[in-house]
Amino acid sequence: MIRKAVIPAAGFGTRFLPLTKAQPKEMLPIVDTPTIQLVVEEAVESGITDILMVIGKSKRAIEEHFDRNFELEQELEAKGKDDLLQQIKHVSSMANIHFVWQKELNGLGDAVSYARNHVGNEPFALLLGDTILESYSGVPITRQLIDVAEKHQGSVVALEQVPAEKVNRYGIMDGIEMDDGVFRVNDFVEKPEPSEAPSNLAFAGRYVFMPDIFDFLIQTGRGKNNEIQLTDAMRSMAQSRPMFGSRIDGTRHDIGNKLDFIKTNIHYALKHPDMKDELAVFLEELVNKKRFQ
């Protein structure tokens with residue numbers, strides 16, 4: 001049973017400056033919910049009970065969000081706002097959430113290595129804190145990976161099919177399909193040219209790792225941007241033991257850039273019962289009047 005998860009959330013979020021000078025990008029709202037809360041909810045719905053967040057400078061708001069606010073709870077209770085009160089209590093009680101500070105930003109691989117003592121000798125899920133994955137089947141994406149990891153007893157990376165002309169934006173898997181949507185990994189290629197890409201299956205921001213990933217991280221030297229890259233450790237792992245990729249039954253919403261952040265908000269707002277109808281009318285009027293030009 002995989003019960004632990006790690007969520008790296010230490011990056012500066014420079015693409016959202018000046019907003020992220022003091023505000024974590026992981027706290028950016030999707031309608032009315034911080035992105036990182038949606039990530040935690042996915043983990044919890046997948047059976048995770050214990051979560052370690054790796055945070056850095058200016059990320060204190062994440063800790064406060066998942067802590068209890070007794071004054072706010074008392075205020076909501078006194079005003080009879082029971083629905084809001086239950087929502088607030090739910091945030092702080094979803095799982096056992098712990099925090100560790102990444103002392104300096106040395107890449108995703110370095111951030112993951114901070115979890116070694118917390119994880120111990122157990123397999124664990126890794127969820128990127130600025131990426132939301134929406135399931136088509138109702139089975140959370142992390143749960144889909146856990147099922148593959150438990151069946152094949154190996155580490156698993158979530159894969160999303162991307163247009164062939166866009167593979168040079170992503171890390172791409174080289175592998176052989178074993179079952180429907182499950183691949184035995186041969187290698188990973190970082191941002192290949194379309195003519196050289198071994199597939200169009202890109203990393204989707206979710207992983208399940210066996211604990212030996214930490215051994216490979218220790219052996220991994222600095223790579224791109226003079227940082228310890230998780231992909232480099234994964235490549236070494238795939239050469240020495242079985243590693244798998246799982247094509248997700250869902251879609252990825254990356255809030256790491258401004259345009260995709262706006263698109264994601266519109267996508268989820270159009271599902272929100274309190275605003276979807278009015279928003280749909282507004283968007284239609286906007287397009288018809290070409291007010292955006």
Side-chain angles (χ1 to χ4, degrees), residues 1-13 16-103 105 111-112 114-120 122 124-134 140 142-143 206 253 255-256 261 264-265 268-269 271-275:
M1 178 66 69
I2 296 174
R3 61 189 183 91
K4 292 184 178 180
V6 177
I7 301 178
F12 285 130
F16 280 94
L17 286 170
L19 174 65
T20 48
K21 181 174 181 288
Q23 170 75 7
K25 68 176 179 177
E26 295 84 5
M27 288 295 292
L28 291 173
I30 303 303
V31 185
D32 57 0
T33 304
T35 297
I36 198 162
Q37 181 178 328
L38 296 175
V39 175
V40 169
E41 288 175 352
E42 179 193 330
V44 171
E45 290 166 4
S46 300
I48 299 297
T49 60
D50 203 306
I51 297 172
L52 178 71
M53 293 191 186
V54 184
I55 61 175
K57 187 174 177 58
S58 300
K59 303 286 184 168
R60 183 71 69 182
I62 298 176
E63 289 186 275
E64 293 181 353
H65 180 71
F66 289 102
D67 196 7
R68 291 192 67 178
N69 186 327
F70 293 101
E71 293 81 3
L72 177 59
E73 291 176 16
Q74 290 170 1
E75 180 75 8
L76 294 173
E77 186 174 11
K79 292 184 176 181
K81 298 182 178 181
D82 294 335
D83 289 345
L84 286 175
L85 176 61
Q86 294 308 313
Q87 289 180 40
I88 294 301
K89 286 186 174 180
H90 170 70
V91 171
S92 59
S93 62
M94 287 188 291
N96 296 317
I97 299 179
H98 315 269
F99 298 89
V100 63
W101 288 71
Q102 187 179 15
K103 295 179 177 62
L105 298 184
V112 174
Y114 275 74
R116 183 165 200 163
N117 288 338
H118 181 80
V119 169
E122 298 181 37
F124 65 99
L126 175 68
L127 300 87
L128 300 191
D130 61 357
T131 303
I132 300 167
L133 268 64
E134 181 181 3
T142 298
R143 180 72 247 178
R206 298 291 185 270
H253 302 288
I255 65 103
F261 171 67
T264 301
N265 263 285
Y268 279 94
K271 294 183 172 190
H272 199 289
D274 293 339
M275 65 178 71

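With sequence neighbours left out, Gln23 forms a side chain to side chain donor-acceptor pair (under 3.5 Å) with no residue at all. Residues satisfying the ring pair (Phe, Tyr, Trp, His ring centres under 6.0 Å) test with His253, not counting sequence neighbours, are His267, Tyr268. Remark: Asp67 pairs with no residue by the side-chain contact (heavy atoms from CB on, under 4.5 Å) rule, at least two apart or across chains. Applying the side-chain contact (heavy atoms from CB on, under 4.5 Å) rule to Lys81 yields the partners Leu76, Lys79, Leu84; only residues at least two apart in sequence or on another chain are considered. Qualifying ring pair (Phe, Tyr, Trp, His ring centres under 6.0 Å) partners for Tyr114, counting only residues two or more places apart in sequence or in other chains: none. When the side-chain contact (heavy atoms from CB on, under 4.5 Å) test is applied to Ala115, the partners found at least two apart in sequence or on another chain are Val6, Leu52, Val119, Phe214. With sequence neighbours excluded, the residues satisfying side chain to side chain donor-acceptor pair (under 3.5 Å) with Glu63 are Arg60. Partners of Glu45 under the salt bridge (charged side-chain N to carboxylate O under 4.0 Å, His left out) rule, at least two apart in sequence or in another chain, do not exist in this structure. Contacts of Phe66 classified as ring pair (Phe, Tyr, Trp, His ring centres under 6.0 Å), with partners at least two apart in sequence or in another chain: none.
Side-chain atoms of Glu73 never come within 3.5 Å of backbone atoms of Arg68 as a donor-acceptor pair (strictly under, hydrogens ignored).
Residues in residues 4-13 take part in these salt bridge (charged side-chain N to carboxylate O under 4.0 Å, His left out) pairs, two or more places apart or across chains: Lys4-Glu122. Among pairs with a residue in residues 24-41, those fulfilling salt bridge (charged side-chain N to carboxylate O under 4.0 Å, His left out) read Lys25-Asp130, Glu26-Lys59, at least two apart in sequence or across chains. Within the structure, side chain to side chain donor-acceptor pair (under 3.5 Å) contacts touching residues 86-102 (residues at least two apart or in different chains) are Asp50-His98, Gln102-Asp110.
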